[in-house]
Each structure stands twice: as structure tokens, then as C-alpha cells.
Protein chains: 2
Amino acid sequence: MPFTYQYPHPAVTVDGVVFGFDEADLKLLLIRRRIEPHMGDWALPGGFVGIAESLEDAVRRKLRDETDIDHLYLEQLYTFGEPKRDPRERVISVAYYALVKLSEHKVRATTDALEVAWFPVAKLPELAFDHERIVEVGLQRLKAKVRYEPIGFELLPEKFTLGELQRLYETVLEQPLDKRNFRKKILGMELIEALDEYQQDVAHRAAQYYRFKRQRYELLRKRGFNFEL
Amino acid sequence: MPFTYQYPHPAVTVDGVVFGFDEADLKLLLIRRRIEPHMGDWALPGGFVGIAESLEDAVRRKLRDETDIDHLYLEQLYTFGEPKRDPRERVISVAYYALVKLSEHKVRATTDALEVAWFPVAKLPELAFDHERIVEVGLQRLKAKVRYEPIGFELLPEKFTLGELQRLYETVLEQPLDKRNFRKKILGMELIEALDEYQQDVAHRAAQYYRFKRQRYELLRKRGFNFEL
DNA sequence: TCAAAAGTGTTAACCATACACCCATGC
DNA sequence: GCATGGGTGTATGGTTAACACTTTTGA
């Protein structure tokens, strides 16, 4: 028992609310806990922050360890610090939310997780601790942010069709969008460019692929441009 | 040295970024530290979180103790957790930002502060730790939020003139607004009501006083209404 | 009578919305 | 040839932006 302090210290953890998008569903990454408390229950990936490690490094490490996910859009979400969140001791959890290109990542359980899986956000299992609340805040944030920052592209593969992009927005915002107006608006921003590539082997007219012009967006943003759906 | 843990624990603090508005200036509340490190330097009000105390309770307690400010709009801002923020030990700080009606609060130094004062945000002194960075994030948030939530009213007295309200927006957003368009927009929302009261003893035509209809706003918000500048 | 801020409407440009049909492909 | 999603333009109404003079008051 070597770590002693003059005043009581809470434990600090990080939790990741990791979203992916898959054809028609917004999905959330969960792990099944290998240890107590809540052993065997589904929970957000996360864990204790190392004493000399930044918060963001801690989340990235946990996601790498527990799920093999690397390379993602990551942003701090909120800090949950109610005194009775964890039965063991006072635990303050800094939650991050992350967006990953689902099709480009295979997840697999590693050290702390019995199992790792993507769940449609509409059909989540019961979650450990107050993780349900954390997911709720994450969803709210995603929904708010997708409207005024081009983060939707983080959920899609490099090449995508306008149909896929529109379905993504409709799913996240939970409302249908007019196809012609959507295309007019997106194309009008000149933030995505058409490729000379089309879908293959689809049972209907093949859609053209597009790519997000990240550099152009960064440039425009510096000049005061604001993305808005 | 009674508090011992199996793994090292960081200390957790809260810091308050407290804004006020005064005639023509956006102001920030600072304290001069009574203790090391950074004794005598200006810093954000804040301190360690009690082991059985929620984060928000901790900020409120600190603001009461150090400055006598009670009753304020308070919201979590961001959590700063870089390993070397504090020379003593690993300290993770959960920052909150707060808006107060400057004219209705007299601040005074109490337990931990040698001195307490309001500084115009444009002319801040050097700050302890990474508090400059925290203030920057707070300002950014205020600027973003004031556009789509009616938080400006938290900075004004109960009764205010449209001129005061406009100056507040111009100050926070750092851009001039057209008087006629501003009034049209604000009055069109029907969120503020005119009182039968006018300025006294002003060297120009006396302005009418208005009041924010908070209840009506809450009602409209539940029905899906969105405030926007 | 001057200075200082309050108060007040109209017009033109732009943007958001609503809406329907033909196209290409695989089965 | 049919089912499926891709792709395209216009007209209307509403919203935003630009703009200048009169009023009231105290010094």
C-alpha cells in the first residue's frame, strides 16, 4: 500500500463513447467487463488514468488495449463526478467521445474485455455504472455538433456516396432530409469533390463516389467560414 | 498521513471562470492567492474537491468561500489534466464557467484569497498555473453559446434597456450590430417584455426598461423553440 | 443649442423549402 | 420489365441586411 496522501484523493478514470456508422445504423462500441464490479456487464471502454499520463493519452491507450482501435476523431465530452458513481471508491470519470470509420476497423477483445461489440444506439443493453447517462450526453453532443462541424465525414469511409452521407445525417438527426436540397447545400459548400469512380454491382443506377476535402475545410475555417448543415 | 491507496491517485480541483458585464466591459473574476504555489499571483477562484462532494457543489462552495458570490449561472466547461499543470503533484482540474449579474454582487476576499477583483477580459494580469488557457476556453464557450442560448440575460440586471443588451452582445461577440435589426429580432422572439419604467437622470432620451421572460422561454424551449442571436 | 443615445420601417438580396420525373442497373 | 436508388431545376415565401432621420433629455 505505497501511495499515501495528506488528504483523500478520488480515483480518476476515462471512458470512451465511440460511435460508428454502418449502412443504416448509428452504432456504439461496448465491452463486456472482465473484472468486478459489474463483471460480465456491458460498459463503455475505459479505465484508470496513469499518474503521469494525459487524459487523452489514457483514452487512446484504453481503446487500443481493449478494442484495437487506433486513429480516431476524439474529443472531450464531459466529466462525471457524482460521489456515488462507483461502489468501490470516489471515482471521477472524464468521458470522451470518438468517431470511427466502422468499415475500416475490426474490433476484438484484448486485455480487460471479455467481449467487444457494436450495438445500434437504439438497442443498447443495460450498462454498468452510470454509463447510460454518459451515452445520452454523448448522443446529444453528436447530434448538436454534426450540424455545425463537418464531423459526419469521420464516420464514413474515405470514399462515400451522397446517398450514404444523407442517410448518415438522417440517422444522427433523426429526421428525413430532402434529397435535392441536401445535395444542393452540401455541394454548394465545395467541401467535397467528386471522384471518377462509381459503385459496382448494385441493383440500381451506380452512385458516384465523393471525398471530403479536409484541407480546403481547414483553410476556409481559418478565414472564418462556418460549416452548417 | 492517513490516506493510502494501492495505486497513485491524482488530486482533483475545480476552477471557476466567472464572467460579469459592466457598462461596456466583459469582466472576469480573479483572486490573489494566499498560499503557495504562486502565492500572491492572480488566479481563478477554485480549489480541491471534497471526497464526498459533487464537482458542482465544490465550485459553489469555493465561490462562496473566496468571493461571497452566491446564485449564479453555472455550467461545466472542460477538464484540464495535463501531467505537469501543477508543480506539487498531478492535479486534474474540472473548470466551470459562471455568469453573474455584476451590479448585484459585491465581492470581497474571504478565506483563501488576499484580494478579489474584476478585470476586463481584454486586460488580464498574468495568471497562475495554466489559468490563461482555461480562461481562453471559457471565452470561446461564452462567445459560442451566447448566440444560441439566451444566457446574455444572466449577465444583466433584472431590468435592462435594449441598448444595454445590444452592447452586451456587441462586446461578447466582438462585432457591431445594427440597432434596428437587433431590436426587431429580439422583440420578435417575444422573450422579453417592456416594463412601465424608464431610465432616470440620463443626459439623453430615457430608455425603456425590459425584463427577460424566463418562464416563457422554458415553455417555448420544451416545444422545440431554439433561441438564436 | 448642443451632444448623446433612444426609438422607429421599408426595400432589396438572399436563402430555405417544397416538389416530380427520368436514369441506370441487376434480377 | 420491374424494382431500386441515383440524379436533376424551379418557383415561392420567408429571413436577413442595409440604411437615416426624429425624439428626448441634461448640461
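Proteins come first, then strands; the chains are lettered A, B, ... in the order of their sequence lines, and each starts at number 1.
Phosphate proximity of D/dG7 to A/Arg183: present, with a side-chain N or O under 4.0 Å from OP1 or OP2.
A salt bridge links A/Glu56 with A/Arg60: the closest approach of a Lys/Arg side-chain nitrogen to an acidic carboxylate oxygen falls below 4.0 angstrom. Note on A/Glu158 versus A/Arg214: no salt bridge recorded, every NZ/NE/NH1/NH2 to OD/OE distance being 4.0 Å or above.
Surrounding CD of B/Glu126 are at most 12 heavy atoms belonging to other residues, nucleotides or ligands under 6.0 Å away. Atom CD of B/Glu23 is surrounded by 12 or fewer heavy atoms from other residues, nucleotides or ligands within 6.0 Å.
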Heteroatom pairs (N/O) under 3.5 angstrom, protein to nucleotides 3-5 of chain C:
none

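Two residues, B/Tyr209 and A/Asp178, neighbour DNA chain C, and the one matched to the more 5' nucleotide by heavy-atom proximity is B/Tyr209.
Of the candidate nucleotides D/dG7, C/dG7, C/dA20, C/dA20 has the atom nearest to the side chain of A/Arg180.
Here the C1' atom of nucleotide C/dC14 and the NZ atom of A/Lys184 are 13 Å apart, to the nearest Å.
Here the side chain of B/Lys62 pairs no donor or acceptor atom with the backbone of B/Thr67 at under 3.5 angstrom.
Using a 4.0 Å heavy-atom cutoff across all strands shown, B/Lys185 reaches sugar-phosphate atoms only and no base atom.
The distance between the ring centers of B/Phe80 and B/Tyr78 falls below 6.0 angstrom.
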